[in-house]
Every structure is written in structure tokens, then in C-alpha cells.
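Structure record follows, encoded as C-alpha cells.
The model shown is predicted, which means the values in this text are computed figures rather than measured ones. We name chains A, B, ... by the order of the sequence lines, and we start the count at 1 in each one.
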Number of protein chains: 2
Amino acid sequence: MSSHILDQTDRDIISLLQQDARLSSKEIAAKLRKRPTTIFARFNKLKALGYLKGSIMLIDREKVGMLMAVFINIQLNDHHAEALYEFQRDIKAYSEVMECYHTTGQVDFVIKVVVQDMLAYKDFLVQNLSKMQNVKAYTSHFVINEIKRELAYPLDNLV
Amino acid sequence: MSSHILDQTDRDIISLLQQDARLSSKEIAAKLRKRPTTIFARFNKLKALGYLKGSIMLIDREKVGMLMAVFINIQLNDHHAEALYEFQRDIKAYSEVMECYHTTGQVDFVIKVVVQDMLAYKDFLVQNLSKMQNVKAYTSHFVINEIKRELAYPLDNLV
DNA sequence: ACTGAAAATTCTCTGGC
DNA sequence: GCCAGAGAATTTTCAGT
């Protein structure tokens, strides 16, 4: 690992950690046929260089009572810089809004909202989204089945 | 933690682990003013009961060369059970498709595709998506800015 | 469910290659 | 950049309350 170019070992470590963030240096070392201290040093470097941005425990969304996930496509009235900034700042503040992306196409923003139930969703729409001045139109797409949700990027022919 | 009802400590542990999956029992114990072994026992139970579904290390998507994220809304021709099942099985198999949701509304499926660059995206469309018989229409929404991507569910007034 | 102590394992630092 | 050794810290088990 000379500077900012990842070699195969770096990619292997990242790939393994994307599958299980709690792997120990020893466990990674065993899989890659290296020494634990070597893995430890690379892990620290990957973290220092900003490749690794923290780890999270994935939990069963429905089991903890967050039964409803919704994708909402949003169109704005005013697309000037200041108006865009304000919308982003405000939408980001809602805890129901888990994800928000500025996109190209017919739609300006794609957001993912996760709430307990339809009542909570209605509250979000009526009390929050509908009151945002710059929102021209939105369409809700309720998730009825999660076919795939892979959060680990494939790093095979890369970097 | 009697059986399947989460108490405040359980929710606290889950919340902390959603922020950092690598927290040790000792670290969690210190934050919650409990003993490490108590946290350890609860951690094992939460895992055994299926609340915790594994951990992942988050990495800098653009830094590792995955420069392009796209949401694609897909409409199908045939909505019968067998056709739906086949579509889901096939779309799931593509490594470029990170997420796929069956949704209500004008759109049948929302998928998130992550690739290196526009060339890789073109290849995915031309060689894969366009060749799926049951796909009637699709619209691409390129992510030009990620405003928010929160993966930890808020468990405050819940369960 | 929680505690406390002990054993096994891992982390983390230092120095040498 | 890799490896080895050793002390410190942690994980994990287990018996007791």
C-alpha cells in the first residue's frame, strides 16, 4: 500500500469488512493468509485515508416496528441555488427521511421514508412534506417487497 | 428482556450498534452504565432473536471508484405471479443492482444501480436490462448529489 | 437477568527486517 | 511494507445470586 492506490490485499480487506464489520484482524489475516499485525496496520491506514467510513449493525426493520418504507419522487417549483439549498437542509432534518438524493430526470429528488405505519406516514405527508413551500408535486411508491438490499460494493475489477 | 419485547436497554444497545457496529461490550456498558457481561448477554440474545442481522463497514463509494449511482423505475408488461417471480430472480442476480424494491404506484419496481462510470452503466442497460423480456419501460434518475443516507432506524418511541 | 472472577483471545505498541 | 514478541485490554465462559 504505497500511497492512495489500493492493491489486492487492500481490496480484499475492504471486501471482507463490507461483509462483516466486526471481523478481527486475526480473522481477516487467516482468510488472506497474512499476519494479524499486517492486517492491523493496513486497517488503520485504510481508515486514516478515508476509505472506511464507519460501521453499522444492520437490524430487522420490520421486527423493530418500522413496518413502512416508501420512495417518494419530488418535483420542486424553484430550482435556483438558494431554494435548492433550503429544500435540502429542511428535508434532511426529518428523522423519517432516511435517504435523499438529488437526481436528474423528470424528478428532482428521490427520498426514502421509513416509518412505523400508515398513520405515521400520513402525519409525515400532511404535517411536513405538504407544508414545504417549494414542493410542486410528489408521488409515493410504497415498498411491498424488498427483493434485494446489498450495501457492499463489488470491488473486483476496480481502483 | 423477558421474551420478544424490547426494553429500553435493548433499544439503547441497538441504537448504539446502529451507529457503530464495532463497539465493544465494555464501551456500550460504559455509555449505558451497565456491566460489560450484561451487555454481552443481551447482545447475544438480540442476535439469537434475529434483531441484529450482521454488520457492515461503510466505505467511500466514490473513492473506491464507484462513481455512478442511478435509481431506475421499472414497469413490467406481465404482472402474473410467475412473470413477477422470474423478473425478481433475474434482476437480483446482477451485481450492479444493489437494491430492488417491489412498489405500489405507477412504477412496479424501484432499483438502485451502482457502477464505475457511464460506460459501465450503458453496458448494464444495453446488455442486461434492455434484454429482459418483461420490462415494458424504465426511466433512469442519476444521482448528482447524496443529501442524506442514514441507515440507522430511529427507535425512540417504538416496539 | 445481573454479577464477579478467571481463562482464552485479541489488540496495540515497539523494534527489527 | 512486513513480521515477531509481549504487555494491556477485551472477549467469553461459568458458577452464584
Practice problem: Heavy atoms under 4.0 Å is the rule here; annotate nucleotides 6-17 of chain C 5' to 3' with B where the base is hit, S where only the sugar-phosphate is, and - elsewhere. | Solution: ----SSBB----
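- For the OP1/OP2 pair of dC2(D) and a distance below 4.0 Å, the side-chain nitrogens and oxygens of R42(A) include at least one atom meeting the criterion.
- At a cut-off of 3.5 Å, with distance as the only test, a side-chain donor of S24(A) or E27(A) sits close to an acceptor on the other residue.
- A sub-4.0 Å separation between OP1 or OP2 of dC3(D) and a side-chain N or O of K34(A) is absent.
- Protein atom CZ of F43(B) is 14 Å distant from nucleotide atom C1' of dT10(D), rounded to whole Å.
- Residues meeting the side chain to side chain contact (heavy atoms under 4.5 Å, CB included) test with D12(B), sequence neighbours left out: Q8(B), L32(B).
- With sequence neighbours excluded, the residues satisfying side chain to side chain contact (heavy atoms under 4.5 Å, CB included) with S25(A) are I39(A), F40(A).
- In this structure, the salt bridge (charged side-chain N to carboxylate O under 4.0 Å, His left out) partners of E146(B), at least two apart in sequence or on a different chain, are R61(B).
- Taking atom NZ of K47(B) as the reference point, atom C1' of dT11(D) lies 11 Å away to the nearest angstrom.
- When the side chain to side chain contact (heavy atoms under 4.5 Å, CB included) test is applied to A137(A), the partners found at least two apart in sequence or on another chain are Q75(A).
- Atom CG of D7(B) and atom C1' of dC2(C) are 13 Å apart (whole Å).
- Whole-Å rounding puts the K45(A) NZ to dG1(D) C1' distance at 7 Å.
- Evaluation of the side chain to side chain donor-acceptor pair (under 3.5 Å) test over residues 105-115 of chain A, restricted to residues two or more places apart or in two chains, returns H79(A)-D108(A), K112(A)-Y101(B).
- The distance between atom CZ of R35(B) and atom P of dT11(D), rounded to the nearest whole Å, is 16 Å.
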